[in-house]
Amino acid sequence: MSNGTSQPILSVQQLSIDVGMGASSRRVVDHLSFDLFAGQTLCIAGESGSGKSLSSLAIMGLLPKAVRVAEGAISFEGRDLVGAPERELQRLRGKQIGMIFQEPMTSLNPLMTVGQQLQETLRRHEPLGRQALRQRAREMLESVRMPQVEKRLQQYPHELSGGMRQRVMIAMAMLCRPKVLIADEPTTALDVTIQAQILELMRELQQVYGTSLLMITHDMGVVAEMADQVVVMNHGRTEEQAPVRQLFTQPQADYTRKLLAAVPVLGTAGQPGDVSQQPVVLQVRDLSVRFPVRMGWFEEDKQVHAVEGLNFELRQGETLGLVGESGCGKSTTGKALMNMLAYQGSVQLFGKELNGLHGAELQAVRRDIQMVFQDPYAALNPRKNILELVGEPLLIHDQLPRAQRQERVAELLRQVDMPADAMYRYPHQFSGGQRQRICIARALALNPKVIIADESVSALDVSVQAQVLELLEHLRKQHRLSYLFISHDMAVVERICHRVAVMYGGQIVEIGRRDHVLHNPQHPYTKRLLSAVPMPDVDQKRDFKALLQEFEQPSPIKGKGFEAPLQKFHDVGGGHWVAVG
Amino acid sequence: MLAFISRRIGYSLLILLGVTFITYLLLFMLPADPARQIAGRSATPEVVAGIRMQLGLDLPFYQQYANYLGNLVQGDLGRSYIQRSPVTELIGARLRPSLELMAAGIGFELLIGISLGVIAALRRDSWADKALMALSFIGVSAPQFIAAMLFLYFFAVQLDWFPMGGYGGFEHLLLPALTLGILGSGWYSRMVRSSMIEVLHQDFIRTARAKGLSRVRVVLRHVLPNAIVPVIPMIGIDIGIFMGGLVVVESVFGWPGIGQLTWQAIQQVDIPVIVGVTTVSAVAIVLGNLVADLVIPWVDPRIDIKKH
């Protein structure tokens, strides 16, 4: 492995990056150094704000205007890139160094076809004829395993799924066979199975073309899966730099140890506590949600069958995990339970039917069932202070006078481990984790019985995520709360849930105790999903090759009057049910 | 596509019906009496009453309006009270000069507005940006008749670069069209600037730069087309505002177009001409919007008019 004698292809020495000018400037990357050798993969791991993305942009010379390289050197094949003229950098970008970004949904120009965007890169760097251009674009799409290449070349980005767009991005970055590929969180926005496909694809391309890979990620699972060498960054400083095995087996820095301890690892949780004797709080029977799709004048209207015949119950003090990939209907289920959209079937809270409730009755029910959303940055009104935000439910439901409201808000803030004087500040003055605590405090304000947590920890860094999970667990015990925990992250679900329901195509395909479902999956979809989760363990490198085949979800758009066949379940034992047929 | 256009035409007819109704009603309620205007100061009440009956002005409002609509369906906009000739003829004779001025004016508006907007966005927060935005603010808020007279005074009288007005060749067209263009470009330059700034921060611009494209290519191929999309429906809406400018500019520059006709008709309370011109402008606005809606999907493939 060690290439100590040969020259590194990309070398970063004592790189420091400042944001802002003059007296107000702030250092965001502090003396970062690493060497990337030919054919190797180097991962820069770190939580948000660690400066890992800015470092990668600095290599490309693409730093935003207010950000600049303060000192240090970046050399590519012996050429210094810091302060190199823009023209020289342009010739390097896309040709010698390719880059892929985090958000495949917004990283492609919506007004140009895939073919145009691919050929544009080639035309810039290589003098080729039209035929040759098209041929190269086609070949590259084939090597990223794009199905129906000819059709894709003519399509616009919005006609492709996220995974497909990321394949186009990779194809575009690899078109000119660059020596270095920089991937900035390339799989963070994708579902696990798609993530596994993309990671496998990058490994494959790296082998075929001998590309060196510089990967930026926050996910230690991805690091273990991909890296040869790892740099751990925290608040701009390099905490540790080590070969991947050493990093995971003998982490040196305290920060690395803390980070690794915070990462939830699938398969490490034991038996959950027994709650099967507790009274049922929420009973869901044949829940279906359908959205109408308006077609043209002469076509029959259609429906999106978002959720189809869901049955489950939630007991007091129980946490039920609802897992599945995007578009499986898990968030829609949460909204239906909150009565935020129309549904068919029955939802009973303590035996009281919720379907069809209006006005005052619905408001009374909302006291008992509350929601915590995914994005703590978007879930709080920026114009209101914390007292108003957390106290709002108290005002709406109980018309509590201000003094009492203040008292209650202070108590709530204490419960989520926040100081009481936080109530006079505004959301932008808090970090993501603190904001999510505020959201939880708001949900707790009326002493609800059930909390629906829709991807409530997905947007948080692992260390913060661990704290919030602990808080949720503590509150559950203290207030005998029941959670419906909607998530795409198996490891998080395993850590917090008693039972797990796996959703696919709007239906539950497997439900049961967490250890049964996650350690002994019966349904092929559950197996596929679990096999795609990258493990933060170097001895468990996974082979994602089997996942590379596209697994088409059945289209949820059906004609009017379509009734899905009734889902039959097979009892595996111990309350573990699997869909059959 | 066909369904979309026919539905839009249906809506347009409703809009036109509303426009004629409101215009007719407003003019009916006006204290000015066209019959007295026609008869002159010294006419006896009998003469005035005679003229009123002759023109059908003694009929109740709904009857007058129904007559008007009946004629309108047959393509007859009525007869001018003053000039005694059919309104369609009056408008028809002036349509061509007005369309020429409109085309040139909107062309200048877009040319000036988009280029200034692009420059301001690319040089954001520089003195050039601030100066351009201050200029656009003046353009947006300057009263058109004063600006038009000032332009006429400076460029035609003092500098003698352009003819004093009137209709004729390209040199006659240039100054009024530039006046309309400069005054109207403020909206566009502000819109293009903010839209460009938004697009410049998009992820796909970073992608384009990471591909190694030159700055010019990134701006022209990736930023500009995306920034233009929200401007297109503006053009449709702008035609209405533009018509107002046309009335003023044509009168100041002596351009024999619909605007000038309107100006004269308003002064003489020539109701059939006013309603006729209003209807024609409404048609222009509706058509402009329809064309804008049809052009957008051609620029932005994400917009599918079949779904609207």
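Reminder, nothing fancy here: chain letters follow the sequence lines and each chain counts from 1. For the numbers below, each heavy atom of this structure counts, side chains included, while hydrogens, waters and symmetry mates do not.
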Check each atom of [X] against the heavy atoms of chain B and say whether the ones under 4.5 Å are side chain, backbone, both or neither.
X: A:M112; value: side chain
X: A:L108; value: backbone
X: A:L57; value: side chain
X: A:Q116; value: side chain
X: A:R87; value: neither
X: A:E120; value: both

Item to check | Contact listing (chain A partner; residues 200-226 of chain B; heavy atom under 4.5 Å) | outcome: B:D203, B:F204, B:R206, B:T207, B:R209, B:A210, B:K211, B:G212, B:L213, B:S214, B:R215, B:R217, B:R221, B:H222, B:P225, B:N226

Atom [atom1] of [X] with >12 non-hydrogen neighbours under 6.0 angstrom:
X: A:R123; atom1: CZ; value: yes
X: A:E139; atom1: CD; value: yes
X: A:Y209; atom1: OH; value: yes
X: B:F137; atom1: CZ; value: no

If we define contacts as heavy-atom pairs under 4.5 Å, which of [options] has the most with chain B?
options: A:E86, A:M105, A:Q102, A:H125; result: A:H125
options: A:M99, A:K65, A:R124; result: A:R124
options: A:A173, A:S107, A:P157; result: A:S107

Item to check | B:P301 versus A:P110, closest heavy-atom pair with distance | outcome: CG-O, 3.5 Å

Item to check | Part of B:V229 within contact of chain A (heavy atom distance under 4.5 Å) | outcome: side chain

